[in-house]
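Data block below; observations after.
So that the names make sense, note that chain A is the first sequence line, chain B the second, and so on, each numbered from 1.
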Amino acid sequence: MPNNKVIESFAAAVADIPDGSSIMIGGFGGSGGQPTRLMLALRDQGAKNLTIIGNVAGISATTYYGWREGPDDPQPVDQGVFFASGQAGKIICSFPVPGTTNPLSEIEKAWREGKAEVDIVPQGTLIEQIRAAGAGIPAFYTPTGVGTPVAEGKETREFGGRTYLLEHALHADYAFVRAQKADTHGNLQYVGTSRAFSPAMATAANVTIAEVDQIVEPGGIDAESVRTLGAYVNRIVQRESGDPYP
Amino acid sequence: MPNNKVIESFAAAVADIPDGSSIMIGGFGGSGGQPTRLMLALRDQGAKNLTIIGNVAGISATTYYGWREGPDDPQPVDQGVFFASGQAGKIICSFPVPGTTNPLSEIEKAWREGKAEVDIVPQGTLIEQIRAAGAGIPAFYTPTGVGTPVAEGKETREFGGRTYLLEHALHADYAFVRAQKADTHGNLQYVGTSRAFSPAMATAANVTIAEVDQIVEPGGIDAESVRTLGAYVNRIVQRESGDPYP
Amino acid sequence: MNPKITTDPAPRLTRTDIARRAALDLPDGGIVNLGIGIPALCSDLLPEGVELRYQAENGILGFSEMDTKLDGDPNIMDAGGNFPKLVPGMAFFDSVESFNLIRGGHIDVTVLGGLQVSGKGDLANWIIPKRGIGSIGGGMDLAANAKRVIVAMEHTTRDNSPKIVNECTFPLTAPECVDEIITDVAVIKVTSDGLVLMEAAPGWSPGDVQAITEPIFAVSDAFTEFRTMKT
Amino acid sequence: MNPKITTDPAPRLTRTDIARRAALDLPDGGIVNLGIGIPALCSDLLPEGVELRYQAENGILGFSEMDTKLDGDPNIMDAGGNFPKLVPGMAFFDSVESFNLIRGGHIDVTVLGGLQVSGKGDLANWIIPKRGIGSIGGGMDLAANAKRVIVAMEHTTRDNSPKIVNECTFPLTAPECVDEIITDVAVIKVTSDGLVLMEAAPGWSPGDVQAITEPIFAVSDAFTEFRTMKT
């Protein structure tokens, strides 16, 4: 039964990602739930002309948002890494920049230089677009964004006397997700608030790659505790124990 | 902190349901996950002109679908109970009748006599309509039902070269759900395949009433194991231990 | 319209034979949803070494065998009301997730029963018009959205009328959704150019099958006897 | 347009005072989402005996207190990057469920920061036009869909221009969404008939507040001094 999805290294798991790919980055923003090792592996792999899809995208590296600040803790990594490296030309996210501009985040820097298109989406719309892609729903109506710049160029329609926006499903070529535990079928279990965008993203990409602390045999995750079905996961990579990234 | 939602009896939990209400019945069909005691309490309460919203609605009582068949096991109850009693005039569901008409199910009997409107909806559309109601989505597009009688009178639209139907959110006045465990905040935990329609229905009704085997203090359900948030649940009733219904 | 024939050239196969042949087309390790009736029989008839991960609409993925007992746990069932054996790697979930899997195109194969299948692969299997009421269940979602749809059914009605027809006269479950039809006399592939006969039951020639099949089919270069009937 | 005034009749209140007053309007046992900035301060300033169940966008419901440590578990945070104390009855979930709660209208109250609020209750709080880039986060979903929206902000900009304006000049977060505005000088209710002044800081008359508020407001019959400032 050909269900073993374990890949030996992060480098191997991202090796085939071509230029021009769209990449979903799971979690919420900050270190918990971020697939940091997959992100760094893709940075090292060097694919160009990427579109990044995330949530809180570029605020940690300059503000420590969602990262510990102890002296032995690692420097924050955020989705700005793909803009600092010149690999990404576009980001779709809800929270690209922090309140402060001193220092400038990598995404804002790239945007100011005209090197990055930044598509800012309400968080609830973004997660629903991703969920829709995985669920076979091509489009849906939402009240969020009506009467704001988000509505520009979009259809509106009334239902029951309230106005709604038509929003479309958002697919990606690859999704990077981060979980605490995987079984070899690809079933995933998360801890606390680390799941965030990962379960929906896992359903919405052609290839879903999971970065996990621990890989167990089938049965190592209880049938009641699976939060991402193995059906959605194509590749699993286990971190080294003691990895300083959370 | 006024969060204790425990009601002393099934009769008290359904006492205020007025004539003309729409009632969602959780679970899938069959005994597992069916809020049987709430259903029987509403039958005894006698409210009239009800609209029932369920999934597999009326096949157990005549076919034993989803019920044990041991000599000490109780007779099956299904959503036909509200049609046998003359309380319901309409049902919205995916599976109202079994393959066989001998004996006739209560729903088919009522339908043949012109006493019941039966609105048959594809299961995936039905659960998505219910989920949409709880999630603030007034309408969505689905591929299911295109080119079939389900599409009659509905808008169609193409996305990416495929045709989809516009389907609307489905709310209810009350939802009856069945879980194994509740805490006093209304957080629910389910076992196995018993959850089915219950978690979505809990989000889509004005008043959600949960029938559970056990009520525990907050903390008695682990934060990782909550499958219906207490935010959605208004009333909780604990069954008597040893209840013969599953 | 083909004339009805009244005598068969050889015995038609059994429901079990149909299911065994359908089981041959289920991909090892694949995610499969089996409809009620003949399709449900497939799970006991898989080729040696093949293991599937079944999905059922009521919120379960990963079971691979059924229990035959009648007094199983009613909280652990499949959508047909049967009791699956628990296996490592299974997962339970709600109906929203279950239809995300189905409608989202994450089911590799579904095997469904059929009342009629048209030459274009239209499927009708949920209502008999003269009864006036029927049940859709998860069938429309599965037919419209599974990656591959196999219909397993008898080739004709009891009065020997074709169930494979030019146009379905029964209300549809989904248009142009069927990839393969497996019956008690034939295996027929649905292609964009029409039907192609792949296999026939022992003793049945392509012409014999055509005589009880309304649309004119092509015969595959690889045409052979029903593959599960060879020893 | 009101003329700008240059001297205040009495000191304006602090950010903590604003948060303490907003906390007074949070319903005991309610499900509340606090935005970043002044709103986040509310959780430490609840009246005695009041306990809330906070929700945060990143998938947590039911916490009622924050931890002040900087080295908490990064897998158990709120959306502002703070560490909640674990309490019985909490739940963790994913972002889909989190926005089902928000967009579905299951949040009793949200307290948000503001750059501008119009006389109709339009809110602008996500982007400063001259910067050209901003962050929406969960703010638009909360503003458009919470049962009750309280804006907690300073009454004017640093150069004493009104932030409560006839029409927002900044891009909106959501139109006609604000129910109540709590500032460092006033509590103002948004009604379908326009703004109504409910309370003012000690030493501030309705006229003093009006002088730094662009839309003309009515003064409530129940007008009183800022309620949290009374002893």
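A 6.0 Å sphere centred on NZ of C:K189 holds no more than 12 heavy atoms belonging to other residues, nucleotides or ligands.
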- Message: Evaluate A:R37 against A:E240 for salt bridge (charged side-chain N to carboxylate O under 4.0 Å, His left out), listing each step before the verdict.
- Response: CA-CA 10 Å; A:R37 287 288 165 201; A:E240 285 180 30; over 6 Å; no

- Item | C:D67 vs C:K85, salt bridge (charged side-chain N to carboxylate O under 4.0 Å, His left out): CA-CA, chis, key distance, verdict | CA-CA 6 Å; C:D67 221 325; C:K85 284 188 188 162; 5.3 Å; no

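Here the CZ-CD distance, from C:F99 to C:E57, works out to 5.0 Å after rounding to the nearest 0.5 Å. Going from atom OG1 of C:T213 over to atom CG of C:N166 covers 10.5 Å, rounded to the nearest 0.5 Å. Here CD1 of A:I53 is found 11.0 Å from CZ of A:F197. Values are rounded to the nearest 0.5 Å. We find the CD1-CG distance between A:I236 and A:D183 to be 7.0 Å, quoted to the nearest 0.5 Å.
Using a 4.5 Å heavy-atom cut-off against chain C, the contacting residues of residues 208-229 of chain A are A:P218, A:G219, A:A223, A:E224, A:V226, A:L229. Scanning residues 158-181 of chain A against chain C with a 4.5 Å non-hydrogen threshold yields no residues.
Counting heavy atoms from C-beta on, the side chains of C:R227 and C:D25 come closer than 4.5 Å. Looking only at side-chain heavy atoms (C-beta outward), A:V150 and A:T125 stay at 4.5 Å or farther from each other.
Between C:E214 and C:E167, the shortest heavy-atom contact is OE1-N, 4.3 Å.
Using a 4.5 Å cut-off between heavy atoms, C:I107 makes no contact with chain A at all. With a threshold of 4.5 angstrom between heavy atoms, C:E97 approaches chain A through its backbone and through its side chain.
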